[in-house]
Amino acid sequence: MRTVPSILHIDMDAFFAAVEQRHKPSLRGKPVVVGGVGLRGVVSTASYEARAFGVGSAMPTALARRRCPNAAYLFPRFGAYHEISQVVMGILREFSPLVEPVSMDEAFVDLEAMTQGPPKDEQEVRAHARRLSALVAERTGLTASVGAGTSKLVAKVASDADKPHGCVVVAAGSEQRWLDPLPVRKLWGVGPATADRLHTMGATTVAELRALGEHELVSLLGNAWGGQLFRLSRGRDERVVSAEREAKSVSVEDTYPHDLMDLYSIRAAVTELAERVVRRLREGGHTGRTVTVKARGHDFTTVTRSETLAGPTDDVRLLLPAALRLVDGAAAAATGQMRGIRLLGVGISALAEYAQGDLIAELEGLGEYTPQGAETDEAHAPPAEPAPVPAVTMYGPVPEAPEARHWLAGQDVRHPQWGPGWVQGAGLGRVTVRFEGPDTPPGRIKTLDVADPDLEAVDSAEVARAALPQEADIAAERPAGPDVGG
DNA sequence: TCTGGGGTCCTAGGACCC
DNA sequence: TCTGGGGTCCTAGGACCC
């Protein structure tokens, strides 16, 4: 246990809204609401002027508009917030190298790690906190609230205790006394569900929570969380400030303004989400093994379906087929009486670090490596075992409806000459199929455009006809419109 | 009023192996 | 023939945070 409250927690006040007011002087002093402005948007941040009208975070924008029709409703500009966030984090690192960002507008700073030596007493901590707050105001024009304590929990609760522009230092030894009168809901990690359960046990304040035995808490909340809460309620929190935290998962999800009603549009949406999540995965230099698809029905029923691949990968050609295998079941489970899908998501977890050494070895093994397009993608493919391709044979004409072509994307196909392949994309009048055939070089993939017989003008038609027997047009296994949940 | 998008951590059951 | 226990992995869901 520290004898000086040397852990700081910094929390920017109404961050997104404050950035907008800073950026646009006409918004200053006026209610500003940042968040989803669409049909199904929710509020991210409300300025203090808007909060006076009863507008708050996580509230549906529709309700906010009713409560505060005269506010400015703005879509978030994450780029701008990120820039200012970097400035703030930079200031924090001038104080101590040990900074743990929690989000764009929040961070812990451990003053014990200060290069010029840790603070000797509470007064010194207070001086640092005030100086920090002043620097943030000076360089960003925004206010922050600062809390200090001997643990992360106390620092966090303290920064919230006197918002906005507050500075609360909880002296070492006084933690319990300071926490006791607070409602349990103030404790980090106690949400609505836990608060309800605690209330039924007669605990509304931290003092009352402390009266509960450890055994009681564990049986009520489970082993990990019950034990943790027992310690937290006594101001005991051993968690350390940690500068680097490794990502565990990457995910992308969208809520659609109108429910998706058929499998065609659902599969098209999943294809798009999978491409986005793979892009993010690669940007972070990660590969991942477990693919998760999330679906939310009209009535908010939310289900996830996941599948673990044989090895980690960042290759859409492995991740998209997995996502498409999962989505039908997820969508069916999320929809009751054939109603629509309001949200879809694709996530990747069980992340591994990108193996640089393997990449180089792989590139050297490839005689004629060309650093562009699909070939580059293939050279980047990690040493994952591709899932076996099921022998789905697709016959018949290419469907005309655009939705049907979208549905084709990701489908496995088999060609008598070229072996197994899958539909990479379905554009107007043609589909692009990737084959991994016996005469393609090891680890390489050949991309062919397969022309619809009605569209002979397509550039690659000549190539396609040379390679493929006329009767082997790639088309849908299922001809038309299966319904969701049917 | 009708519920975003990005995450983390925990639990619990079943499969599988030793 | 019947019956174990422990460990690990996978899947699904839930609570929570910003």
Side-chain angles (χ1 to χ4, degrees), chain A residues 9-12 14-16 33-45 54-68 75-76 78 81-82 85 100-108 152-153 156-157 159-160 184-198 218-229 239 242 245-257 273 276-277 280 284 289-310 326 329-330 333-334 342-351:
Chain A
H9 181 260
I10 290 83
D11 195 345
M12 302 296 291
F15 184 54
F16 293 0
V33 177
V34 181
V37 293
L39 233 49
R40 286 172 166 170
V42 300
V43 174
S44 294
T45 314
V55 176
S57 296
M59 172 183 288
T61 306
L63 174 59
R65 283 187 196 278
R66 236 157 283 144
R67 293 199 177 169
C68 190
F75 194 79
F78 292 106
Y81 312 146
H82 184 74
S85 175
E100 177 180 326
V102 178
S103 64
M104 277 204 277
D105 71 328
E106 228 184 87
F108 289 101
K152 286 172 104 171
L153 173 85
K156 169 109 173 109
V157 178
S159 72
D160 188 52
V184 287
R185 199 55 237 279
K186 288 281 179 187
L187 292 182
W188 192 85
V190 176
T194 307
D196 276 355
R197 294 169 117 177
L198 292 175
V218 167
S219 65
L220 186 70
L221 304 170
N223 206 356
W225 183 217
Q228 171 85 317
L229 197 54
R239 291 171 297 184
S242 156
R245 295 171 64 204
E246 293 200 344
K248 299 253 165 53
S249 66
V250 177
S251 68
V252 153
E253 66 184 53
D254 273 343
T255 292
Y256 302 96
L273 291 167
R276 265 158 61 193
V277 82
R280 291 253 314 278
R289 270 190 77 200
T290 302
V291 181
T292 302
V293 168
K294 176 171 165 182
R296 173 127 74 209
H298 184 81
D299 68 352
F300 232 69
T301 303
T302 307
V303 302
T304 62
R305 292 290 180 269
S306 63
E307 183 182 313
T308 300
L309 305 174
L326 294 166
R342 65 153 45 217
L343 168 147
L344 286 172
V346 176
I348 300 171
S349 55
L351 299 189

Nearest whole angstrom, please: distance from the [atom2] of [N] to the [atom1] of [X].
X: A:Lys186; N: C:dC18; atom1: NZ; atom2: C1'; answer: 15 Å
X: A:His82; N: C:dC18; atom1: NE2; atom2: C1'; answer: 16 Å
X: A:Arg239; N: B:dT8; atom1: CZ; atom2: P; answer: 16 Å
X: A:Met104; N: B:dG7; atom1: CE; atom2: P; answer: 12 Å
X: A:Ile348; N: C:dT11; atom1: CD1; atom2: P; answer: 14 Å
X: A:Leu39; N: B:dT1; atom1: CG; atom2: P; answer: 16 Å
X: A:Arg245; N: B:dT8; atom1: CZ; atom2: P; answer: 8 Å
X: A:Trp188; N: B:dG7; atom1: CH2; atom2: C1'; answer: 11 Å

Students often get this wrong, so: under 4.0 angstrom with heavy atoms, is [X] touching a base, only sugar-phosphate, or nothing?
X: A:Lys294; value: nothing
X: A:Arg65; value: nothing
X: A:Gly191; value: sugar-phosphate
X: A:Arg296; value: sugar-phosphate
X: A:Val43; value: nothing
X: A:Thr194; value: sugar-phosphate
X: A:Ala58; value: base
X: A:Arg67; value: nothing

Base-pairing assignment for B:dG13 (Watson-Crick or G-U wobble, both under 3.5 Å): C:dC10
Partner nucleotide, any strand, of B:dC18 [Watson-Crick/G-U, under 3.5 Å]: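 B:dC18 is paired, partner C:dG5.
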The side chain of [X] lies closest to which of these nucleotides: [options]?
X: A:Pro192; options: C:dA12, C:dC16, B:dT1; value: C:dC16
X: A:Arg289; options: C:dC10, C:dC17, C:dC18; value: C:dC10
X: A:Asp254; options: C:dC18, B:dG5, C:dC10; value: B:dG5
X: A:Glu253; options: C:dC16, C:dA12, B:dG6; value: B:dG6
X: A:Arg66; options: C:dC18, B:dG5, B:dC2; value: B:dC2
X: A:Thr255; options: B:dG5, B:dC2, C:dC10; value: B:dG5

Geometric class of the A:Phe78/A:Phe16 ring pair [parallel <30°, tilted 30-60°, perpendicular >60°]: perpendicular
[X] side chain near [N] phosphate (N/O to OP1/OP2, under 4.0 Å):
X: A:Thr304; N: C:dG13; value: yes
X: A:Arg342; N: B:dC2; value: no
X: A:Lys248; N: B:dG7; value: no
X: A:Thr290; N: C:dC10; value: no
X: A:Arg197; N: C:dC16; value: no
X: A:Lys156; N: C:dC18; value: yes
X: A:Ser251; N: B:dG7; value: yes
X: A:Ser249; N: B:dT8; value: yes
X: A:Arg280; N: B:dG5; value: no

A:Phe300 aromatic ring stacked with six-membered ring of B:dC2, 5.5 Å and 30°: no
Separation between the P atoms of C:dC18 and B:dT3, rounded to whole Å: 23 Å
Closest-nucleotide 5' rank along DNA chain B - winner of A:Ala247 and A:Ser44: A:Ser44
A:Val252 vs A:Trp225, nearer the 5' end of DNA chain B by closest nucleotide: A:Val252
A:Ser159 side chain to A:Asp11 backbone, donor-acceptor under 3.5 Å: no
Any side-chain heavy-atom pair of A:Val252 and A:Val346 under 4.5 Å: no
Testing the basics here: between [X] and [Y], what is the closest heavy-atom pair and its distance to 0.1 Å?
X: A:Arg276; Y: A:Glu253; result: NH2-O, 4.3 Å
X: A:Val250; Y: A:Val277; result: O-CG2, 3.6 Å
X: A:Pro257; Y: A:Leu39; result: O-CD2, 3.6 Å

Pairwise distance CH2(A:Trp188) to NE2(A:His9) - rounded to 0.5 angstrom: 9.5 Å
Side chains of A:Thr302 and A:Arg296, donor plus acceptor under 3.5 Å: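 Present: a donor and an acceptor within the cut-off.
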